[in-house]
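Only one structure is covered here, and it is reproduced in the block below.
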Amino acid sequence: MNSINPAAADEESPAWVRALNEAQREAVFATEGPVLILAGAGTGKTRTLISRLRWILHCGLARPWEILAVTFTNKAASEMRTRARANWEENNDAPRDEMWRWIGTFHSLSLRMLRGFPEAAGLQKGFSILDGDDQARVIKEQAQLLKIDTSQHRPRTLLEMVQGWKDLALLPSQVGSTDQSRWLKGDLGEQLYERYQERLRDLNACDFADLIFHPVRVFQKETDILESWRSRFRYILVDEYQDINTAQYLWLRLLGGGHKNVCAVGDDDQSIYSWRGADIRNILRFPTDFPGTQTIRLEQNYRSQPRILRVAGKVISANTERAGKNLYSHLPEEEPVRVGGFWDDRAEAAFISGEAENLRRNGLAYSEAAVLVRITAQMRELEERFLADSLPYRVVGGLRFYERAEIRDALAYLRLARYSGDDLAFERVVNRPRRGIGETTLRHLRTAQNSTGGSLAEVGQRLLSGGGLRNPAARNLAAFLSSLEQWREHVESLPLLDAARRILEDSGYLAMWRTDKSFESAGRLENVESLIEGLSDFESMEVFLEHVSLVMEQWQGADEERVSLMTLHAAKGLEFDAVFLPGWEEGVFPHMRSREDKRDLEEERRLAYVGVTRARRHLYITYAASRRLHGRVEVQRPSSFLELLPESELAFLHDEAAPVVREGRPREAVKRSRASLAVRWRVGSRVRHEVFGAGEVRAQEGEWVSVHFADGEKTILSQYLTTGAGDV
DNA sequence: CCCCACGCTATTTTT
DNA sequence: TAGCGTGGGG
């Protein structure tokens with residue numbers, strides 16, 4: 001039994017305990033039974049969880065390897081590991097790395113378990129892990145075998161479908177027919193899922209969803225395996241609980257089912273990943289799943305000034321599916337939240353660029369400002385403006401290093417050199433650079449493979465020794481296979497770094513980029529070079545490849561003085577003194593695809609909440625009447641989310657700016673053409689401010705015109721005035 | 001087998 | 001706008 005009394009948080013306690021507030025302490029000290037920490041944005045959620053981990057160690061309730069601490073990202077895991085260690089090393093000697101290996105991501109931890117019982121999951125020792133690209137190729141291949149038209153059903157979509165089922169922990173046979181018919185005719189979906197899994201088994205591989213799902217199924221079937229893993233951990237801690245999917249939920253429930261010392265932290269209001277399987281209902285029903293749960297709310301926000309917090313609170317209170325929290329702050333009240341509309345995305349970008357510069361002149365570092373967009377397409381205009389204004393910025397997120405084509409190519413070479421049976425790697429690089437081994441030759445190989453089995457490389461070898469060299473394709477293939485043999489020797493005999501360099505040089509891959517004269521080839525070469533250099537940190541190719549498949553780390557430059565530009569999703573967990581939220585227009589935010597479904601719309605609102613709560617002191621919410629999207633100018637109404645903002649906390653940008661209503665008449669006869677206009681727009685009942693807009697105009701020269709918006713909905717526009725076609 | 005022209009479509013993205 | 005997949009011609 002826990003003998004530590006909460007009152008013991010006195011002078012005797014470590015400083016990190018004394019620094020906690022009352023609710024946080026409660027969460028830290030409640031060491032028995034299930035605990036749900038419902039923590040609002042900026043309330044010290046992760047800090048509290050880490051303190052709890054340290055407290056358990058501090059009191060000697062468990063040793064490091066008896067605590068299973070689960071996060072979603074490697075970054076969070078390594079932060080937790082470092083902080084837990086700091087404490088331990090003060091009081092214990094000989095800290096070893098293995099002690100902390102049960103602090104990790106869902107995927108890395110589950111993989112570690114799965115490595116212990118691959119056969120039970122139908123895999124063999126040394127199975128590999130597919131990434132998104134490999135998965136897409138496997139699914140495409142299987143879809144085509146099932147005669148599914150892959151131009152109508154794009155592989156990415158099919159993959160999403162199958163992944164969705166796996167995230168729900170559904171086997172092919174358990175996929176209901178209604179669920180299937182949303183995507184494909186009859187039971188094609190189920191068949192595709194089934195074949196995809198078969199193919200993975202043949203490849204002795206699993207995808208990311210399997211990393212969770214395989215252990216879940218094994219735990220459900222094999223009680224002794226489950227028991228041995230259960231008894232290993234005395235405490236389970238989970239960060240970002242609102243982001244778990246059904247499979248992860250089952251995984252946790254199975255592992256935590258014994259002692260029930262499961263502690264989850266999360267914020268239901270920040271659940272923004274439903275599209276990758278996360279289900280907000282998991283956190284909402286935690287107390288039912290784990291009877292006897294002690295629910296603790298962290299509501300004191302240490303991040304945002306009160307006005308920003310009130311705006312956030314108002315936005316999120318429009319949602320119905322939530323546990324409910326009331327955030328408060330003792331920080332001093334500052335300037336209101338600024339809201340403003342612009343003629344188009346260019347004007348909006350110009351404002352942001354200029355305002356970031358203003359803030360900087362007033363002493364705010366560039367790195368303390370961030371622009372958070374809903375969709376990546378919004379970034380382009382902003383970047384162009386920043387470049388033109390020489391405003392230093394950096395894009396956070398986006399294509400990660402290991403996802404770049406050239407890095408994936410280079411990795412495929414290395415994988416193939418190490419594991420010549422890696423067919424996916426084989427297919428990726430056989431003809432890159434061009435070696436005259438095209439689709440036709442590959443088809444021959446695959447057909448032969450179906451009857452004889454073995455890897456593509458083996459099959460190729462066999463075909464060649466049987467038939468001799470006749471056509472150019474066969475000669476080319478022979479050449480490639482013999483290089484492959486050489487590369488394998490390199491891996492065995494040379495130091496890792498030298499082997500890699502030789503392989504990429506001999507294969508002509510580096511030469512391919514050197515001769516390529518497109519403007520990005522130099523950058524690609526550089527990337528491959530830095531990959532090669534990075535190899536020096538690893539003892540063997542196996543270790544390196546394992547690292548790569550799980551740790552898709554961000555390739556980020558040093559922390560420079562730059563304004564951050566990223567999507568709202570990428571901003572979760574971050575904070576800045578000043579935050580700009582552009583693009584608050586119907587269709588962009590909330591996004592078009594989220595408008596029909598109430599649950600999707602609530603998720604968009606949570607996204608807005610996440611955006612608003614990133615800001616400490618200054619917040620700007622803007623929108624544009626027209627915006628270039630998909631290569632055309634789209635006209636959209638201001639976001640309905642704007643109506644949620646409490647007037648008392650806002651200041652309208654144009655109240656301070658030059659007059660914005662441009663009254664006028666069309667200069668020339670305009671017939672059903674796009675024209676510029678200015679509108680008055682109401683917020684709530686009282687506040688009015690001006691918006692530049694554009695719409696469909698029908699008028700003769702000199703006439704007043706009316707403007708019709710495409711959706712024909714009742715709009716919040718109250719007055720239409722034009723300045724004439726093309727007059728911006 | 002390779003190349004090019006054409007048409008289609010278009011959130012969010014960790015592991 | 002751009003990135004991808006397809007289909008026809010060399």
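Quick note on labels: first sequence line is chain A, next is B, and so on, each numbered from 1. Worth knowing before you read on, the calculation uses all heavy atoms, side chains too, and leaves out hydrogens, waters and symmetry mates.
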Ring stacking, A/Phe208 with base of B/dT14, under 5.5 Å and under 30°?
-> no

Rounded to whole Å, the CD-C1' distance (A/Gln242 to B/dT12) equals 15 Å

Which of B/dT11, B/dT13, B/dT14 is nearest the side chain of A/Thr73? It is B/dT14

note: A/Gln144, atom CD; C/dT6, atom P; distance rounded to Å ~ 7 Å

To the nearest angstrom, the CE-P distance between A/Met379 and B/dT12 comes to 8 Å

Separation of B/dT12 atom C1' from A/Asp243 atom CG, nearest Å, is 12 Å

Using the benzene-type ring in the case of Trp, are the ring centres of A/Tyr623 and A/Phe641 under 6.0 Å apart? no

Among B/dT12, B/dA10, C/dT6, the one nearest any side-chain atom of A/Lys140 is C/dT6

Using a 4.0 Å heavy-atom cut-off, does A/Arg434 contact any base of the nucleic acid, only the sugar-phosphate backbone, or nothing at all? sugar-phosphate

Which of C/dA2, B/dA10, B/dT15 is nearest the side chain of A/Arg380? It is C/dA2

Q.
Please determine whether a side-chain nitrogen of the Lys or Arg among A/Glu321 and A/Arg605 lies less than 4.0 Å from a carboxylate oxygen of the Asp or Glu.
A. no

*Does A/Asp597 come within less than 4.0 Å of A/Arg599, counting only side-chain N to carboxylate O?*
no

So, is A/Thr105 close to the B/dT14 phosphate, meaning a side-chain N or O under 4.0 Å from OP1 or OP2?
no

Salt-bridge present (A/Glu602, A/Lys598; N to O < 4.0 Å):
yes

5'-most contact on DNA chain B (nearest-nucleotide basis), A/His107 vs A/Leu607, goes to A/Leu607

dist A/Arg199:CZ -> A/Asp423:CG (nearest 0.5 Å) comes out at 6.0 Å

Between A/Arg154 and A/Thr567, whichever has its closest DNA chain B nucleotide further toward 5' is A/Arg154

A/Arg156 atom CZ is separated from C/dG3 atom P, nearest whole Å, by 15 Å

Quick note, A/Arg276 side chain, CB onward, closest among B/dT15, B/dT12, B/dT14 is B/dT14

### Task
Tell me whether A/His591 is stacked on the nucleobase of B/dT11, counting only the six-membered base ring and applying the 5.5 Å and 30° thresholds.
yes

Whole-Å distance, A/Asp167 CG to B/dT15 C1', equals 11 Å

To the nearest angstrom, the OH-C1' distance between A/Tyr241 and B/dT14 comes to 19 Å

(request) Describe the nucleic acid contact of A/Asn431 in one word from base, sugar-phosphate, nothing, applying a heavy-atom distance below 4.0 Å. (result) sugar-phosphate

note: A/Leu581, atom CG; B/dT12, atom C1'; distance rounded to Å ~ 15 Å

